[in-house]
> 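One structure is given below, represented as structure tokens, and several questions about it will come after.
Remember, it's 1-based here, ligands and their atoms both numbered in the order they're listed. This chain uses plain numbering: 1 for the first residue, then up along the sequence.
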Amino acid sequence: MSVQTHSFFGDVLRHVDRAAAFTKHPPGLLDQIKQCNSVYHFRFPLRTGNGNVEVISAWRAEHSHHKLPVKGGIRYAPDVNEDEVKALAALMTYKCAIVNVPFGGGKGGIRIDPSKYSREQMERLTRRYTHELAKKNFIGPGIDVPAPDYGTGEKEMAWIVDTYIALNPGQLDASACVTGKPVSQGGIQGRREATGRGLYYALKEAASHADDMQRIGLSTGIDGKTIVVQGLGNVGYHAAKFCREDGARIIAIAEREGAIFNPSGLNEEEVFQHRRATGSILDFPESKNLSSTSEALELECDVLLPAALENQITEDNAPRIRARILLEGANGPTTPEAEEILLAKGVLIIPDVYANAGGVTVSYFEWLKNLSHVRFGRMGKRYDEAEDRRLLHAIEVATGKMFSEAERNSLIHGADELDLVNSGLEETMAVAYQEILETRRRIDGIEDLRTAAFYNALEKIARSYSELGIFP
Ligand code: GLU
């Protein structure tokens, strides 16, 4: 068994401490905010194919209860451990505060390699995990609401909600016990692509500021920017898609088995299909194989988008990173030591706690949908369309000019669920970015976006404690 030396939770604390130094909160309050409130580590048996029993290790960490429920994904990976789960739960607390999503932070994980188990075993594992959480009150619409993370997706969320409903018959809000569900099981349109779309909005915001772009030698806008993506999972795939559709060029994509490079641009969907068919990203037509994932990270590019796991950009490779913007899709991809090196080189870091918050933002919308028991847009869509029609008719009468069928179709549009989700997501990302910039402008000594974002989170969390009268 490998000995863990580097602490991810310790890294998060260092980011928080850097921001905390600019606040005036008493040490006791800061300590309460920083510590992880509860960690539940449990084990349960799983029968393996050959009749043996394997003991599975699992966790759920609830970092902060200053707002309820706590919220955060569940990760299935062979190296899940307590330090990681605590760090990820802490990041959720700050992330939610930064984008004004009214939740505390949580995270769960099961230490397994999902590729080694059958679908049936995965279902049993997931249902058992849910049972264990329910037994200890670590899941519920107003308590703790999991979601997908690395190694999990809609399928697992469907098993979780089904198990929870079975354990809580008649509980009207039971479907709000987990988000990221399939739409047919109470999920919401746009959740699957939400983290990637949020990353795109984050980049769009950052790239719209001429002064910041000028400082790093880039023009404004996404159009024409070159991007290197690490990880072609849900987050990397969708972030690449939305950026490419807005004119960016994806010049390299890295995955576990290696990386591919094509300076004229890659299409993420074609690469995804190639990987699915051949089992590898390598040997993609008209592109060059790179010897390793790390070679891709060090390519000259405008935007580097790590969208895999934590601890990818460290003091070892940071000196060789040649990107101008680091857009953090994964949670914790950059260590504090690496960050110092990158900031000294003038790299604009759009930090994970803000950049990848699109997922939890749309999870919040899904939770609201479940609690209100009605699809967004259901009440207003036809009404808005009728209003558009009346307006067009009035214009026709006043001007004597008739609109063509095509013009009518494009002008008459009531918002459906996906329109509203995307609009809410864009608004959330834009407002949070403005708040971060405002802090960077206002607080003397804060120059980077991560410290500004953590500062904002600390201010908001501290406010909820003082409103409770717990701290002055
Ligand atoms: N696992 C995602 C994250 O790290 C989403 C969490 C959620 O939707 O609750 O932000």
> Can you figure out which of G72, A147, P148 has its heavy atom closest to atom 2 (C) of ligand 1?
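The residue whose heavy atom sits nearest atom 2 (C) of ligand 1 is P148.
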
> Quick one: look up the protein heavy atom nearest atom 3 (C) of ligand 1 and list residue, atom name and how far away it is.
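For atom 3 (C) of ligand 1, the nearest protein heavy atom is K95 NZ, 3.4 Å.
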
> Among protein heavy atoms, which sits nearest to atom 5 (C) of ligand 1, and what does the distance come to when rounded to 0.1 Å?
R191 NH2, 3.6 Å

> Return the closest protein heavy atom for atom 9 (O) of ligand 1 as residue, atom name and distance.
K71 NZ, 2.8 Å

> Can you classify the ring geometry of F103 versus W367 as parallel (below 30°), tilted (30 to 60°) or perpendicular (above 60°)?
perpendicular

> Keeping the roles fixed (side chain from K71, backbone from G104), state whether a donor-acceptor pair exists under 3.5 Å.
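Flag not set: sc K71 to bb G104 has no pair under 3.5 Å.
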
> Between R43 (side chain only) and S57 (backbone N and O only), is there a donor and an acceptor less than 3.5 Å apart?
no

> With heavy atoms of M92 as the reference, note each atom of ligand 1 found under 4.0 Å away.
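Those of ligand 1 that fall under 4.0 Å from M92 are 3 (C), 4 (O), 6 (C), 10 (O).
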
> Report the residues that fulfil side chain to side chain donor-acceptor pair (under 3.5 Å) with R441, sequence neighbours left out, ordered by chain and then residue number.
E438

> Using the side chain to side chain donor-acceptor pair (under 3.5 Å) rule, collect all pairs that involve residues 139-149, keeping only residues at least two apart or in two chains.
R60-D144, R75-D149, K107-D149

> By number and element, which atoms of ligand 1 are closer than 4.0 Å to a non-hydrogen atom of N331?
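Answer for ligand 1: 4 (O).
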
> Give the ring-plane orientation class for F365 versus F376, where under 30° counts as parallel, over 60° as perpendicular and anything between as tilted.
perpendicular

> Give me the nearest non-hydrogen protein atom to atom 4 (O) of ligand 1 as residue plus atom name, then the distance to 0.1 Å.
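For atom 4 (O) of ligand 1, the nearest protein heavy atom is K107 NZ, 2.9 Å.
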
> Run the numbers for me: atoms of ligand 1, each under 4.0 Å from some heavy atom of D149, listed by number.
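Reading through ligand 1 atom by atom, the close ones are 1 (N), 2 (C), 4 (O).
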
> Does G180 have a non-hydrogen atom less than 4.0 Å from ligand 1?
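G180: no contact with ligand 1 (<4.0 Å).
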
> When you check the gap from the basic side-chain N to the acidic O, do E435 and K460 get nearer than 4.0 Å?
yes

> If you count the atoms of ligand 1 from 1 in the order shown, which ones are under 4.0 Å from a heavy atom of G359?
8 (O)

> Pick from F138, W59, Y129: which one makes a ring pair (Phe, Tyr, Trp, His ring centres under 6.0 Å) with F42?
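It is Y129; the other options fail the test.
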
> Considering only heavy atoms of G73, which atoms of ligand 1 have at least one such atom less than 4.0 Å away?
1 (N), 6 (C)

> How close does the nearest protein non-hydrogen atom get to atom 8 (O) of ligand 1, and which residue and atom is it?
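Atom 8 (O) of ligand 1 sits closest to the protein heavy atom S363 OG, 2.6 Å.
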
